[in-house]
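Written out below as structure tokens is the structure these notes cover.
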Amino acid sequence: MDAWFNSPASKDVDGEPASVDGSSHYSVSNAVLPSLGAPSNRGIALRRYIFSPFDFRYRLWEMYLVFLVFYTAWVSPFEFGFLDSPIKDLAIVDNVVNGFFAIDIILTFFVAYLDPQTYLLVDDRKQIAWKYLKFWFWFDLISTVPSELVMIILPTSFHAYGVSNMLRLWRLRRVSKMFSRLEKDRNINYFLIRCIKLICVTLFSVHFAACFNFFLAAHYRDPEQTWIALTVENFKTKNLWLLYVTSVYWSITTLTTVGYGDLHPVNTREMLFDIFFMLFNLGLTAYLIGNMTNLVVHGTSRTRNFRDRIQAASNFSQRNRLPVRLQDQMLSHLCLKYRADSEGLQQQEILESLPKAIKSSISHFLFYSLLDKVYLFRGVSNDLLFQLVSEMKAEYFPPKEDVILQNEAPTDLYVLVHGAMEFILQKLGNEQVVREMKAGDVCGEIGVLCYRPQLFTVRTRRLCQMLRLNRTVLLNLVQANVGDGAIIMNNLLEHLKEQEDPMMQSVLRDIEKMLAKGQMDLPLDLCFAAARDDEPLLQNLLRRGSHPDERDMNGRTALHVAAANGFESIATILLAFGADPNIKDTDGNVPLWEAISGKHDSLVKVLKDHGAVLGSIDVPRYACVAIEQDNLQLLKDISRHGGDLTVPTTDGSTALHAAVSSGNIEIIEFLLEKGADIDKPNDDGCTPRNLADFQGKDEIKALFNSKKKGGIETAVSFADKGTRIMKYPSTGTMLDAGSRAVQMTQVDKQPRRQVDMFQNSLFGFVSAATRGESIDANTLSNMLEDQEQAARVIVRCPGKSEAAKLALLPKTMQELLELGGKKFGCSCTGVLSAEGAEIEEINLIRDGDHLSFTCNDQ
């Protein structure tokens, strides 16, 4: 019991029974809605030993009691009418059932209840007890008292046995609650529940009337002057089953108003009972007929309304003498709507009843992939596409129905989901099929975007499902993103260019004239005008206030577009309106680089005359692009227009590093002519000479050997036996590792971290040993020592200085503390990590860690 009260499920007050695994499952059919502004019952933890009335185990207990109520509903009237004293077996079952209801009385004192004003669960024990004792408790208690005890208390003449049993019918209220809950349960058929309820009411009424009518006959002063004595002589001595069947027979004939034949009331008391029973039958019959009628009419009312609409439409078309084609379209549309309603396809009604977030998610799931393939929206942002899907309306159209009429005002565009449609051009009363539509095609877009009368009549060939988008909604959504408007318009123009129809070419020219005059309602940007080399449109947009440096979704400006395409006049206009000649796009490209890479020399001159330069920071990246393309001429153009090819990138690599990796001798010679340093290391300490040696490119190495090295003297020799020797002057260590001999000098006083290459790593030396190449213990020891010295850390002492210093990590913690004392002039007592954790072992520190010293005087 304690485990039940304190289980997670009993603490989950949700307005709905929790699932078997303890998780809550919300259901509108059973949940209680809180009042406006009040907190909900969901997730409220109840007090100890108090559980929710919606707990699934308590609901199971209630369901079990309902089945016991069915037993009570049969046995109580039976014992009242046909028994004067208890039967042993029946009495035992009665007392067992009473015991279960007595347990329920105790449990009720521990069940929270809903406050009728706040609709919140009340879990105070005193309030629960007072509410139960105030009314319901006494009825439950009286109905649970054993019949044997009642017979002892009350006199025999009172017929205590039957009366006490009839008090148990108070439990029928549980059945009423159960049916109310089941009628709202979406997992159970409503029609079935209603029929079962009507059957139960009818059977109980028949059973109760039969038992009560027999009770009147059995306790009448003259047994021979009763209704049952008419057919059954000495009925008190007859079999109990025969008497019960006879009573039920009388009850059914009376309830169904068949009339009285062999069984009818005889004495006054029976007549009075029959009068009230017949009056009750009137109400019960009306209740049964009314419910059954509602259930049947509910299933046929939709058909009846459909037939009425069809008849009204037919009368309307005949009265107004509409053409046969319009009559067929009217009737086809009504039939399709009825079919959609009868099959439960009221998409729009269902979507409109849902919150916007759920509706958007459903539309996204159903139609996003289709809309993404429509040519008109190809390339637009995902945000705009998601919003468009949410605003589109799904509609069905029957065969041979006009969706758009030629020359009508443009209000909507349509996307075909499935089906087939055709464009029809009407000339001098004749119809000509221009082309057909398939799934994913769009219609009405020219009229909507250009606000001109529709060019064609669009008619369905078979059942079609369409997505409809209102013109005003489209323009409002595009206004928030000008770049998307330009993409949509560009898609339309490209689509029209692909059409070979002279009419479409004429429409294209008209649209271009409208663009040049600025008569388009669709918002356009400068990049769109620059890409089309449309000077009038560009000037129009600039005069209307467009900023010359406005960007598209890729961060490119109109000057980038003009430079890439070589549109000198467009670039001149933009520069005249104040466009920045050195503005960068998202990738860091400037217009001058776009013009140089496109070989637009005249445009390059225009840009340079307006102050365009190649920034030293970006030149290494431009040079790497040229090297990757093996484009020596482009590399020369970069140098000719002021680019310094010796400037390193952010990681210290130069263009010569990239050229060595690509292996282009001509580019390497050009870079050497421009002053590239073959011994300039990158951040990993790798020089172009090392890189050529590592990759085994003999031609490049020979080229490097023929050049003079500046600053540091380095000798490269190839031994006959093919042994490579690397010598560090600071240690004098010789490493025998392979086929060539290289002697290197070290510039820095402190050893630099070794180049991250396979031959210089521990695995490289171990691999050399496995291949049979020589390596001794001293070499391995020195290599490991160098690896340990490679770790660098950033140290600071907040109490002395906020400035951080870069240092090599010592071998012990004591040496690290001494290092901190020397650098910051204090007595360091501890080391903290960047997160503030104290470090006690040197092995816990890694390369690149940020450390802080603690001092005694802090």
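Scanning all heavy atoms of the two residues, the minimum distance from V478 to G485 falls at CG1-CA, 3.3 Å. Across every non-hydrogen atom of H657 and C686, the tightest pair is NE2-O, 2.9 Å. The two atoms that bring R378 and N491 nearest to each other are O-ND2, 2.8 Å, heavy atoms only. Among all heavy-atom pairs drawn from P581 and L559, the shortest one is CA-CD2, 3.8 Å. In plain terms, the two heavy atoms of G555 and T586 that are nearest each other are CA-OG1, 3.4 Å. For the pair F577 and P548, the tightest heavy-atom approach, listed with the atom from each and the gap, is O-CG, 3.5 Å.
Between V507 and Q499 the shortest side-chain heavy-atom distance does not fall below 4.5 Å. At a threshold of 4.5 Å between non-hydrogen side-chain atoms, the residues T646 and T654 do not count as touching. Under the 4.5 Å side-chain criterion, counting only non-hydrogen atoms from C-beta, D372 is not in contact with F377.
When atom types are taken as modelled, the side chain of H600 and the backbone of A562 share no donor-acceptor pair closer than 3.5 angstrom. For the pair S390 (side chain) and F386 (backbone), a donor-acceptor distance under 3.5 Å is present. At least one donor-acceptor pair under 3.5 Å links the side chain of N582 to the backbone N or O of G611. Between the side chain of E550 and the backbone N or O of L526, at least one donor-acceptor pair lies under 3.5 Å. The closest donor-acceptor contact from the side chain of N565 to the backbone of V561 lies under 3.5 Å. Distance alone, capped at 3.5 Å, is enough to place a donor-acceptor pair between the D651 side chain and the S653 backbone. Side-chain atoms of H850 do not come within 3.5 Å of backbone N or O of R796 as any donor-acceptor pair.
Here the CG atom belonging to L575 is positioned 10.5 Å from the CD atom belonging to E568, to the nearest 0.5 angstrom. In this structure, the separation between CD1 on I487 and CG on L492 is 14.0 Å, given to the nearest 0.5 Å. Taking CZ from R621 and OG1 from T649, the interatomic distance works out to 11.5 Å, rounded to the nearest 0.5 Å. Taking CG from N664 and CD from E628, the interatomic distance works out to 13.0 Å, rounded to the nearest 0.5 Å. Interatomic distance, CG of D677 versus CG of L656, reported as 8.5 Å (0.5 Å rounding). Going from atom SG of C828 over to atom CE of M813 covers 10.5 Å, rounded to the nearest 0.5 Å.
Between D383 and Q387, the side chains place no donor N or O within less than 3.5 Å of an acceptor N or O (distance only, hydrogens not considered). Residues T687 and N690 have side chains that bring a donor and an acceptor to within less than 3.5 angstrom of each other.
Screening residues 652-664 for salt bridge (Lys or Arg N to Asp or Glu O under 4.0 Å) gives no qualifying pairs among residues at least two apart or on separate chains.
Heavy atoms of other residues, nucleotides or ligands lying less than 6.0 angstrom from CD of Q505 number more than 12. In this structure, K805 places its NZ atom where more than 12 heavy-atom neighbours from other residues, nucleotides or ligands lie under 6.0 Å away. Applying the 6.0 Å contact sphere to CD of E699 captures no more than 12 heavy atoms from other residues, nucleotides or ligands.
Salt bridge status for K605 with D609: present, with a side-chain N to carboxylate O gap under 4.0 Å.
Legend: residues meeting ring pair (Phe, Tyr, Trp, His ring centres under 6.0 Å) with H495, ordered by chain and number and at least two apart, are Y375. By the side-chain contact (heavy atoms from CB on, under 4.5 Å) test, A655 pairs with A623, I627, L671, sequence neighbours left out. Listed by chain and number, the residues in a ring pair (Phe, Tyr, Trp, His ring centres under 6.0 Å) with H547 amount to none (sequence neighbours excluded). Not counting sequence neighbours, the partners of Y622 by the ring pair (Phe, Tyr, Trp, His ring centres under 6.0 Å) test are W593. Every residue was checked against the side-chain hydrogen bond (donor to acceptor under 3.5 Å, both in side chains) condition with D849, not counting sequence neighbours, and none meets it.
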